[in-house]
Amino acid sequence: MNLDIDYYELLEVERTADEKTLKTAYRRIAMECHPDRNPGCDKSEAKFKAISQAYDVLKDPQKRAAYDRFGKEAFENGGMGGAGQGGAGFGDFSDIFESFFGDAFGGRQRGPARGADLRYDLEISLDEAFHGKDAEITIDVATACGTCAGSGATPGSGKRRCNLCAGHGKVRAQQGFFVVERTCPTCHGRGEVIESPCRACGGEGRADERKTIAVNIPPGVDEGTRIRVAGRGEAGPNGAAAGDLYIFIHLSRHKVFERDGTTLFCRVPVSFTTAALGGEIRIPGLDGAEHIIIVPEGIQSGKQLRQRGAGMPVLQGRGRGDMVIQIDVETPSKLSARQKEILREFRETETGAECPQSTGFFDKLKGIWDGITD
């Protein structure tokens with residue numbers, strides 16, 4: 001393969017290719033011809049070097065503009081501070097490749113990692129979700145060692161520069177024509193080692209501890225709501241920052257209400273006389289108030305009535321949702337002789353067209369019915 005060809009041809013893209021297309025093409029070809037995947041193949045090494053040089057130029061808008069105008073001559077004799085006459089060094093290729101493939105091919109260590117995040121599942125009632133609450137939870141968590149204050153070193157001692165990597169946190173190994181860079185196995189990328197590890201934590205800088213944490217649950221939380229408590233996760237190793245604690249809310253089942261967002265649903269049984277003549281029902285809400293619901297005449301079973309502003313509060317917002325009441329009309333299973341007589345009388349008057357005496361009949365029926373049920 002002739003490697004002294006146009007950079008766009010090397011990357012197998014059009015001259016109008018955008019940044020994303022260039023990156024995808026480079027990644028694909030680099031994985032195919034990477035020397036670690038083709039040990040001992042001089043052709044693969046040369047191709048990898050060529051495509052890396054091409055991508056280094058084309059990914060930079062200024063270098064690409066110069067290349068489009070003058071070709072490779074724009075970078076000879078040190079022009080543009082680019083590849084130069086001898087081609088780019090392996091340090092440059094390593095920088096390019098690391099941006100795609102990370103530490104597997106020589107990534108850089110970016111300092112001590114923060115501590116792990118923790119998850120805690122908390123179950124609360126619907127009433128507590130309505131009003132909010134202050135809760136206390138107990139967790140076992142890795143905290144900064146009290147003896148060494150999280151440093152990992154015995155009090156009075158300190159840290160020194162790692163001799164293996166000279167404080168860089170990474171080491172390089174020559175593999176023929178290619179240089180591989182990896183995290184230092186002695187200092188694990190920190191660039192320094194502890195002279196005298198703390199006996200209490202073994203040089204880790206943290207120890208397990210059971211802690212009780214106060215948590216505020218705001219009004220309006222729902223199933224699956226996640227509450228973040230910053231810095232209350234596990235402590236990082238050797239004094240690194242702690243992670244966060246995430247509390248996931250779960251709601252226990254309520255005996256009356258079901259919930260959908262900020263809307264509360266409930267089913268209320270009413271007598272068939274109330275359904276026919278209308279009336280009112282009283283429902284105790286989660287807010288402690290008694291909500292009076294007007295039942296219109298002739299309502300059918302399954303019909304829903306809505307009470308505005310009687311639902312759940314909006315999480316971290318204003319106002320409340322609605323309460324939706326589904327009417328379940330009850331049909332009596334046991335009737336007295338008098339009640340049966342009245343219902344038969346009503347059935348005789350029920351002949352398609354509305355009976356002019358129907359209202360008076362229902363009033364009479366309701367009076368008798370209420371007297372019996374009382």
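Because only heavy atoms are used, hydrogens play no part in the values below, and waters and symmetry mates are left out as well, while side chains stay in. Heads up: numbering here begins at 1 and tracks the sequence. Bear in mind that the values here come from a model prediction, so they are computed numbers and not experimental data.
- Between the T24 side chain and the T21 main chain, no donor and acceptor come within less than 3.5 Å of each other.
- Contact record, L251 with A129: CD2-CB, 3.7 Å, taken as the closest heavy-atom pair.
- Heavy-atom neighbours of R267 CZ from other residues, nucleotides or ligands within 6.0 Å: at or below the threshold of 12.
- What you find for R161 and V193 is that their closest heavy atoms are O-CG2, 4.5 Å.
- Under a 3.5 Å cut-off, the side chain of Q300 and the backbone N or O of G298 do form a donor-acceptor pair.
- A distance of 11.0 Å separates CZ of R232 from CG of D244, quoted to the nearest 0.5 Å.
- Between R320 and T262, every side-chain heavy-atom pair lies at or beyond the 4.5 Å cut-off.
- At a threshold of 4.5 Å between non-hydrogen side-chain atoms, the residues T331 and F272 do not count as touching.
- A donor-acceptor contact shorter than 3.5 Å is absent between the side chain of H168 and the backbone of K170.
- Looking only at atom types and distance, the side chain of Y8 has a donor-acceptor partner in the side chain of R64 under 3.5 Å away.
- Between I249 and V221 the shortest heavy-atom distance is CG2-CG2, 4.2 Å.
- Between T143 and K211 there is a side-chain heavy-atom pair separated by less than 4.5 Å.
- Here the side chain of S196 pairs no donor or acceptor atom with the backbone of T154 at under 3.5 angstrom.
- Around atom CD of E195, more than 12 heavy atoms belonging to other residues, nucleotides or ligands sit under 6.0 Å away.
- Residues A153 and C148 share a closest heavy-atom pair of O-CB, 3.1 Å.
- In the hydrophobic cluster analysis, where Ile, Leu, Val, Met, Phe, Trp and Tyr join through side-chain heavy atoms closer than 4.5 angstrom, V141 is grouped apart from Y246.
- Here the side chain of E128 pairs a donor or acceptor atom with the backbone of S125 at under 3.5 angstrom.
- The line from OG of S301 to CD of Q326 is 7.5 Å long, rounded to the nearest 0.5 Å.
- The minimum heavy-atom distance between F257 and G285, with the atom names listed, is CZ-CA, 4.4 Å.
- Here the OH atom belonging to Y26 is positioned 9.0 Å from the CG atom belonging to L11, to the nearest 0.5 angstrom.
- Taking CE of M323 as the reference point, atom CZ of R306 lies at 11.5 Å (rounded to 0.5 Å).
- The shortest side-chain heavy-atom distance between I227 and L122 does not fall under the 4.5 Å cut-off.
- Between T274 atom OG1 and I281 atom CD1 the span is 9.0 Å, to the nearest 0.5 Å.
- A salt bridge is absent between K133 and D127: the closest approach of a Lys/Arg side-chain nitrogen to an acidic carboxylate oxygen does not fall below 4.0 angstrom.
- Taking all atoms of both residues into account, the shortest heavy-atom contact from C201 to G152 is SG-CA, 4.3 Å.
- Inter-residue side-chain proximity for D6 and Y67 is flagged as met; some heavy-atom pair is nearer than 4.5 Å.
- With respect to E341 and R344, no salt bridge is recorded, no charged nitrogen being found less than 4.0 Å from a carboxylate O.
- In this structure the side chain of Q307 reaches within 4.5 angstrom of the side chain of I293, judged on heavy atoms.
- Looking at heavy atoms from C-beta onward, K43 lies out of side-chain contact with N38 at the 4.5 angstrom threshold.
- A heavy-atom distance below 4.5 Å is found between the side chains of I137 and L245.
- Salt bridge R119/D121: present, at least one basic N to carboxylate O contact under 4.0 Å.
- The distance from atom NE2 of H34 to atom CD1 of I29, rounded to the nearest 0.5 Å, is 14.0 Å.
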